[in-house]
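These notes are about the structure you will find just below.
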Amino acid sequence: MAGTNIISTAFNNLRKRSHHIIDDEATTLQLININGLIAHVCFIFLFLVVDLPWLALVNVISVVAWAISIILTILHRYRESILLIALEISSHAAIATIELGIAAGFHLYLWPAVLLMCVIPARNNVASYVCLGMILFPLLLLNLFAPFEKSEYLSLYTPLFVFNLILASIPFIIIAAIVRLIYLHNVANMKQQAETDELTGLMNRRRGMEYLKSCAADSQPVCIALADIDHFKQINDRFGHQIGDNVLISLSKILKQRIKSPAASCRWGGEEFLFIFPTTELEQAAKLLHELCLEIPEMVKVQGVDRSITCSFGLIQIIENEPIHHAIARVDTFLYQAKDSGRFQVKSQEIHV
Ligand SMILES: Nc1nc2c(ncn2[C@@H]2O[C@H](COP(=O)(O)OP(=O)(O)OP(=O)(O)O)[C@@H](O)[C@H]2O)c(=O)[nH]1
């Protein structure tokens, strides 16, 4: 049940963040547009130098198409922009390959275009498939039917192929790098969301458990404590659930300040918090908790709440090789003792000095 909640919370948070991903797509698209415009300006000069003026003219039309695509992206007309790019790249690559042959390497531009169409779908399945088809179909036809080379252009093939190979690789690398950045960013985000309690920003129970297990396996002695806000139901009933939430947030801020790494605090559930103290003696942890117990009513101040907020604490030191669930059950009994003894206190297993 807790696992399902974690996943649905992470999914909802990801959905809330999806507009950032859309921004990333728009940035990628604009980078590709600029890259395409610059490349085609280069081609105008290249074809004039090698005395192929009509191919230079084709590139003037391409430059206009890329400039329109830049404007469409600025206007957030991404679908039209992508369709225009698909049309430009496929028709241009086809014209140049049919005229000069496959050995000139103009068909290579279809590959980064395929990647672009897959990474930045045109926000609509039909449009995406049309774009992909506009790229893949000419690629297939050219490889099947276009001439490999033509005798009149033999001297041009090596420099043209190298030039096209490099230029077609640039958008390929840019797109791949951006996709990787977006992926890493999203993975980090999802991990953070899956491990953090949304209300308080503390570790959630799952992350707390993981950390506790790793501490118990790696370091000795390890102490754990459970804290529970006293009469929290009354706070909710008297001041409302929102004020109750504010109490949890305010308390968590203090816990973040006072429980410093490698010690950690996590929201165990509701108004309960688990503290993990690796490489800490029971006496040391008890001292810190007694101070915290007295500090909380002084420091947890929430607008609209005219009574002190106090907590009760249970504390134990984990025995070597003790199963975690057993240690949790033990610390829980000390928390209940603290509640039964009047609350606002720390109850711990006996400290041997
Ligand atoms: N505002 C708010 N209340 C919560 C949240 N999670 C749990 N609670 C409330 O916490 C209250 C816990 O009440 P009880 O378990 O009866 O304990 P208590 O009133 O604190 O009494 P003692 O623990 O015996 O001192 C319930 O009213 C829950 O609804 C939360 O995220 N926000």
Side-chain angles (χ1 to χ4, degrees), residues 1-13 15-16 192-212 224-259 264-276 285-286 288-316 325 327-349:
M1 192 64 189
T4 319
N5 283 344
I6 288 161
I7 292 166
S8 77
T9 309
F11 184 71
N12 283 337
N13 288 339
R15 261 202 342 203
K16 280 185 214 154
Q192 207 256 343
Q193 284 165 6
E195 293 179 343
T196 307
D197 174 61
E198 199 177 9
L199 181 70
T200 61
L202 291 173
M203 281 181 190
N204 61 18
R205 185 179 180 128
R206 192 175 74 144
R207 176 72 191 118
M209 231 2 203
E210 268 175 22
Y211 188 58
L212 173 56
I224 57 170
L226 261 182
D228 186 287
I229 304 176
D230 297 329
H231 300 303
F232 192 58
K233 188 173 179 320
Q234 288 176 13
I235 296 169
N236 270 335
D237 292 346
R238 204 171 134 203
F239 306 106
H241 209 264
Q242 182 57 53
I243 297 279
D245 280 358
N246 292 345
V247 169
L248 291 169
I249 293 167
S250 173
L251 173 63
S252 302
K253 275 188 192 149
I254 290 151
L255 298 183
K256 282 178 208 161
Q257 286 166 16
R258 292 292 274 119
I259 312 286
S265 51
C266 90
R267 187 167 177 210
W268 194 241
E271 79 305 12
E272 260 190 2
F273 298 86
L274 177 79
F275 305 130
I276 302 149
L288 193 150
L289 289 184
H290 279 114
E291 286 169 9
L292 189 63
C293 185
L294 296 176
E295 273 172 28
I296 286 170
E298 299 296 318
M299 294 179 74
V300 179
K301 298 283 178 215
V302 173
Q303 211 177 3
V305 179
D306 57 6
R307 51 171 277 192
S308 288
I309 305 295
T310 62
C311 288
S312 303
F313 298 80
L315 168 68
I316 59 152
H325 69 271
I328 300 282
R330 268 200 317 128
V331 75
D332 211 23
T333 60
F334 285 99
L335 172 61
Y336 272 96
Q337 280 183 25
K339 291 277 181 187
D340 279 350
S341 312
R343 299 178 174 79
F344 187 31
Q345 59 190 280
V346 182
K347 279 282 178 196
S348 119
Q349 72 182 78

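First listed ligand is number 1; within each ligand, the first listed atom is number 1. Being a predicted model, the structure only gives us computed values, none of them experimental.
Across all non-hydrogen atoms, the minimal contact from Ser252 to Leu202 is OG-CD1, 3.6 Å. Of all heavy-atom pairs between Ile309 and Ile296, the closest is O-CG2, 3.5 Å. Pro297 and Thr310 get closest at one heavy-atom pair: CG-CG2, 4.1 Å. When all heavy atoms of Gln345 and Arg343 are compared, the closest pair comes out as NE2-O, 3.1 Å. Taking all atoms of both residues into account, the shortest heavy-atom contact from Leu199 to Ile249 is O-CG1, 3.7 Å.
Shown in contact with Arg267 at under 4.0 Å from a heavy atom are these atoms of ligand 1, numbered in order with element: 5 (C), 6 (N), 30 (C), 31 (O). Near Ile229, with a cut-off below 4.0 Å to any heavy atom, the atoms of ligand 1 are 20 (O), 23 (O), 25 (O). In the vicinity of Leu248, heavy-atom distances shorter than 4.0 Å reach the ligand 1 atoms 30 (C), 31 (O), 32 (N). Contact atoms of ligand 1 toward Arg343: 22 (P), 24 (O), 25 (O) (distance under 4.0 Å to a heavy atom of the residue). Annotation for ligand 1: atoms under 4.0 Å from non-hydrogen atoms of Gly244 are 1 (N). Atoms of ligand 1 lying under 4.0 Å from any heavy atom of Gly270, numbered from 1 in the order shown and given with element: 6 (N), 7 (C).
In this structure, Asp306 pairs ionically with Arg238, as a charged nitrogen and a carboxylate oxygen lie closer than 4.0 Å.
Among protein heavy atoms, the minimum distance from atom 27 (O) of ligand 1 is reached at Lys233 CG, 3.4 Å. For atom 18 (P) of ligand 1, the nearest non-hydrogen atom of the protein is Phe232 N, 3.4 Å. Atom 28 (C) of ligand 1 has Asn236 ND2, 4.2 Å as its closest protein atom, hydrogens excluded (heavy atom only). Of all protein heavy atoms, the one closest to atom 17 (O) of ligand 1 is Glu271 OE2, 3.4 Å. Shortest contact from atom 22 (P) of ligand 1 to any protein heavy atom: Lys339 NZ, 3.4 Å. Annotation: atom 32 (N) of ligand 1 to nearest protein heavy atom, Asp245 OD1, 2.7 Å.
Counting heavy atoms of neighbouring residues, nucleotides and ligands inside a 6.0 Å radius, atom NZ of Lys301 exceeds 12 of them. More than 12 non-hydrogen atoms from other residues, nucleotides or ligands lie less than 6.0 angstrom from NZ of Lys256.
Counting only heavy atoms from C-beta outward, the side chains of Leu212 and Ile328 approach each other to under 4.5 Å.
The shortest separation from a heavy atom of Glu198 to ligand 1 is not under 4.0 Å, leaving the residue out of contact.
For Ser312 and Asp230, the side-chain atoms include at least one donor-acceptor pair closer than 3.5 Å.
Taking distance alone, with nitrogen or oxygen atoms compared against 3.5 Å, Gln234 stays at or beyond that limit from ligand 1. Taking any N or O of Asp230, backbone or side chain, none lies under 3.5 Å from an N or O belonging to ligand 1.
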